[in-house]
Amino acid sequence: MSEAHLLPRLFPTPEEVPEAWRFGEPQVQKEYLVDGRFEQWGGPLAKVLSPICFATAQGDQPVELGSTPRLSADAAMQALDAAVRAYDKGRGAWPMMRVAERIRHVEGFLQRMREQRGAVVKLLMWEIGKNLKDSEKEFDRTCDYIVDTINALKALDRRSSRFELEQDTLGQIRRVPLGVALCMGPYNYPLNETFTTLIPALIMGNTVVFKPAKFGVLLIRPLLTAFRDSFPPGVINVIYGSGRETVSALMASGKVDIFAFIGTHKAASELKKLHPKPHRLRSALGLDAKNPGIVLADADLENAVNECITGTLSFNGQRCTALKILFVHQSIADAFLARFNERLAGLAPGMPWEPGVSLTPLPEPGKVDYLSGLVTDALAQGAQVVNPGGGTVRASFFYPAVLYPVAAGMRVYDEEQFGPLVPVVPFSDIEQVIEYVLDANYGQQLSLFGKDPLLLGRLVDTFANQVGRINLNAQCQRGPDQYPFNGRKDSAEGTLSVHDALRSFSIRTLVATRFNEANKALVSEIIQARSSGFLSTDYIF
Ligand code: G3H
């Protein structure tokens, strides 16, 4: 996997970084947010290194971006205790607050968040290597998600503001919070995916401990003051450090009521097992996936290639929804590969801020070695790298490798590579592909490319009981955020979408009474006196 000459000018010297995108001095973060205050951490710090290197006379050197607190289990527990106090067994100011008022707090936060767009986007590029366009998209999509969540909650609250009458029983049903939520996001969408659980958890009246992802940590810092100022003390607490040390202690305490986690199913299972009363724990989990793209013999080749290029390689394949294995019908495999490789050759490697760049360095230490290991294993078992320069490595950069023909028994056939590796499996009998999906441990999504309505109809029915979303002639993806996002088997627990997340982070409570004159009068008086926030016909516009 040589041919490093393909990447001669990949990493810049410090002077070559355009003024607007220079990082400046390393940011030493010692503060963390607990109980509405910034605590200063006096203990050890974790170094934050960029996936981006500077080219120096001594070789490529990763840029040091700063450091963040490596909190102890005790410090993390103080944050959890602050959230427990703020919830106050459901009697805290936040869980008791009327919905319209909670919405105002979140709107205030959003306004302050928007002011930090430039800072967060720059950190997204430097911390995880996401290109400028996608970093901006991540920020804007997150703001849109917050707006949509507010609107969805208003609609939900409007529906809950009326009374129901069933079998002589008068009732009002509202969604109320569950307690204390622990929210943890992934490094590939350190802002967006974390906020798609954090914001619904907050707005439904839960209190939160939020631990940023393992990479993309400093980028939360510009938002800390907005968090502190926009919510009552203890409602949102932000902790840092090793998950093993901090999160294990939080879960073992039994004080976490909702576990919102995006990561591996292995880590999720281990953490869930630590909770002493698992029946009290609600989980919202986004886990591993190995989404197949299935290219049938009659597929529109141009469309299939375009969708598979973005499906496999946008953000270097580091999306949980990425296409991680392609099954291509034998009769069109050569034509597909030729066109795929042509399109791949047009993807520009470079630094995230460079216009038009889509291939960038990878943030996980050891990732290029892991990917090279998958390639070596596949080569040893008869596959080839069929694109020029595929698998070329320079420091943290791995040039995408298209592996063909891939077959059962190779590691990349089953393992989720989560990176720029494109395994292509030729098939002649669709039953082989069906079996792969049926036997797979994961069941998030898949993509079908073809034209035959009879075959596609049959495959849709076969796969509908296997995965959470079937994409016809399109790559796999999470959005639009109004649609359900979930998975079967080891790929997820629960469903997220703007609509579903509000439900995942709340529970329905019913106030019911026999429908007679005395009770009607009593309920009317409670409403007129405005003595209850729950029993109320207030309507949020
Ligand atoms: O990493 C998983 C993300 O939820 C994928 O979202 O399909 O919009 O890239 P996306």
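Every number for a ligand or one of its atoms is a count from 1 in the order of the listing.
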Show which atoms of ligand 1 fall inside a sub-4.0 Å distance from at least one heavy-atom site of Arg319. 1 (O), 7 (O), 9 (O), 10 (P)
Please write down residue, atom name and distance for the protein heavy atom closest to atom 4 (O) of ligand 1. Glu193 OE2, 2.2 Å
In terms of side-chain heavy atoms, does Arg319 have a donor or acceptor partner in Thr321 at a distance below 3.5 Å? yes
What protein heavy atom sits nearest atom 5 (C) of ligand 1, and how far off is it? Thr321 OG1, 3.1 Å
Protein residue, atom and distance nearest to atom 6 (O) of ligand 1, heavy-atom basis: Arg478 CB, 3.4 Å
I need the contact type for Asn188 against ligand 1. Using non-hydrogen atoms and a strict under-4.0 Å cut-off, is it side chain, backbone, both or neither? side chain
Steps toward side chain to side chain contact (heavy atoms under 4.5 Å, CB included) verdict (Leu502, Ile203): CA-CA 8 Å; Leu502 294 177; Ile203 209 165; 3.8 Å; yes
For ligand 1, indicate whether the residue Arg141 contacts it via side chain, backbone, both or neither (heavy-atom separation under 4.0 Å). side chain
Do Glu364 and Tyr187 get their side chains close enough for a donor-acceptor pair, meaning under 3.5 Å? yes
Give the numbers and elements of all ligand 1 atoms closer than 4.0 Å to a heavy atom of Gln477. 7 (O)
Glu107 CD: over 12 foreign heavy atoms closer than 6.0 Å: yes
Run the side chain to side chain contact (heavy atoms under 4.5 Å, CB included) test on Phe315 and Glu138 for me, step by step, so that the C-alpha distance in whole Å, both residues' side-chain angles and the decisive distance to 0.1 Å come before the verdict. CA-CA 12 Å; Phe315 192 38; Glu138 176 162 353; over 6 Å; no
Check the angle between the aromatic planes of Phe261 and Phe259 and answer parallel, tilted or perpendicular using the 30° and 60° thresholds. parallel
Would you mind running through ligand 1 and noting each atom that sits below 4.0 Å from a heavy atom of Phe485? 4 (O)
Return yes or no for this condition: an N or O of Gln318 is under 3.5 Å from an N or O of ligand 1. no
Regarding Ser447 and Asn291, is there a side-chain donor-to-acceptor distance under 3.5 Å anywhere? no
Provide the number and element of each atom of ligand 1 under 4.0 Å from a heavy atom of Tyr189. 1 (O), 3 (C), 5 (C), 6 (O), 8 (O), 9 (O), 10 (P)
Answer with yes or no whether the side chains of Asn471 and Gln477 bring together a donor and an acceptor at under 3.5 Å. no
Nearest non-hydrogen protein atom, atom 2 (C) of ligand 1: Cys320 SG, 2.1 Å
